[in-house]
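See below for the structure under consideration.
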Amino acid sequence: MLDLIAEGTTVEALSMDAVAARAGVGKATVYRRWPNKEALVSDAIVALKGDVPTPRGESVRTDLISLLTLVGRANNRAGKIMPCLMPEIKRNPALYQRYMDWMEKRREVIRDVLRRGIATGELDPELDVELALAALTGPMTLQSALRWHPHLPKERLAERLVDMMVAGIAGPADRARSAETTDRARSGTTGPAHPVDRSADPAGAPVTP
């Protein structure tokens, strides 16, 4: 089936007879595995997308980059097929629901990473998890499927997107680390920052111990 779609056959025009002929089996064999075209299309999507990923749990940033890289990874075959499948998914309520059920498993993995970040202080405790999920996955999906913004370089796109987003939704623990790193960079030191006593010098110049 996937080969037929990649060659230009629309999902609407696709028949179980054509699938059986391409596979070199009888139609009864196809129907034993897939009772209808919706089940066939659903399995085709799973085959294209692969298994639900498991993050390594190192940090929110690392896990999000890893997961979004998978969202944006589309080989030439998948890039040809998924845009052809989406109109059928949208048109067919039963297929849409099956697709959403499958997608929810993948979305929940990202939700878990975001919730973990809230618990560890890496992310803002008031973070809207659903909005953050949409803001992270939407651009990757559009770029992968439609190359929505042709002038946006694809190199390290997941990493750049995560860094931009996390800068806006960082929690107190992450902000503290970022501030300390910035202070060290400005002072040209790599060790712990020393407190500055601004009251010891009558001229007003800071005195550093």
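To the nearest 0.5 Å, atoms CZ (R106) and CE (M103) are separated by 7.0 Å. Expressed to the nearest 0.5 Å, how far CD1 of I110 lies from CG of L70 amounts to 9.0 Å. Distance check, rounded to the nearest 0.5 Å: CH2 of W102 to CE of M100 gives 10.0 Å. In this structure, OG in S59 is found 7.5 Å from CD1 in I65, a value given to the nearest 0.5 Å.
Within the 3.5 Å criterion, the main-chain N or O of L14 finds a donor-acceptor partner in the side chain of K37. Between the side chain of T120 and the backbone N or O of R116 there is at least one donor-acceptor pair closer than 3.5 Å. A donor-acceptor pair under 3.5 Å links the side-chain atoms of D63 to the main chain of G57, judged by distance alone.
Looking at L114 and L64, their side chains come closer than 4.5 Å, going by heavy atoms from C-beta outward. Using a 4.5 Å cut-off on side-chain heavy atoms (C-beta onward), T54 and V109 make no contact. In this structure the side chain of K154 never reaches within 4.5 angstrom of the side chain of Q143, judged on heavy atoms. When side chains are defined from C-beta on, N36 does not count as touching L40, because their heavy atoms never get closer than 4.5 Å.
Under a 4.0 Å N-O distance rule, the pair D43/R33 does not qualify as a salt bridge.
The two residues Y96 and I89 have their closest heavy-atom pair at CB-O, 3.1 Å. Looking at every heavy atom in both residues, L67 comes nearest to P53 through CD2-CG, 3.6 Å. Residues Y31 and M16 approach most closely at OH-CG, 3.4 Å, considering heavy atoms. Scanning all heavy atoms of the two residues, the minimum distance from P125 to I118 falls at CA-CG2, 3.8 Å. Across P139 and A134, no two heavy atoms sit closer than the pair CD-O, 4.1 Å. Listed here is the closest heavy atom pair of V60 and G117: CG2-CA, 3.3 Å.
Under the rule for a side-chain contact (heavy atoms from CB on, under 4.5 Å), the partners of R111 that lie at least two apart in sequence or sit in another chain are E104, R107, E108, R115, V129, E130, L133. Under the side-chain hydrogen bond (donor to acceptor under 3.5 Å, both in side chains) criterion, E58 pairs with R56, not counting sequence neighbours. Partners of L142 according to the side-chain contact (heavy atoms from CB on, under 4.5 Å) rule, which considers only residues two or more places apart in sequence or in another chain, are L146, W148.
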Distance-only donor-acceptor pairs under 3.5 Å for side chains of residues 17-25, two or more places apart:
unit_1 : atom_1 : unit_2 : atom_2 : d
D17    : OD1    : K27    : NZ     : 3.2
R22    : NH1    : E7     : OE2    : 3.2
R22    : NH2    : E7     : OE1    : 3.0
R22    : NH2    : E7     : OE2    : 3.4

Can I get a per-line list of side-chain donor-acceptor pairs under 3.5 Å for residues 161-171, giving both atom names and the distance, sequence neighbours left out?
unit_1 : atom_1 : unit_2 : atom_2 : d
D163   : OD1    : R61    : NE     : 2.6
D163   : OD1    : R61    : NH2    : 3.4
D163   : OD2    : R61    : NH2    : 3.2

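Using modelled atom types, one finds no donor on one side chain facing an acceptor on the other under 3.5 Å when comparing T69 with S66.
Sorted by first and then second residue, the salt bridge (Lys or Arg N to Asp or Glu O under 4.0 Å) pairs involving residues 89-102 (not counting sequence neighbours) are E88-R91.
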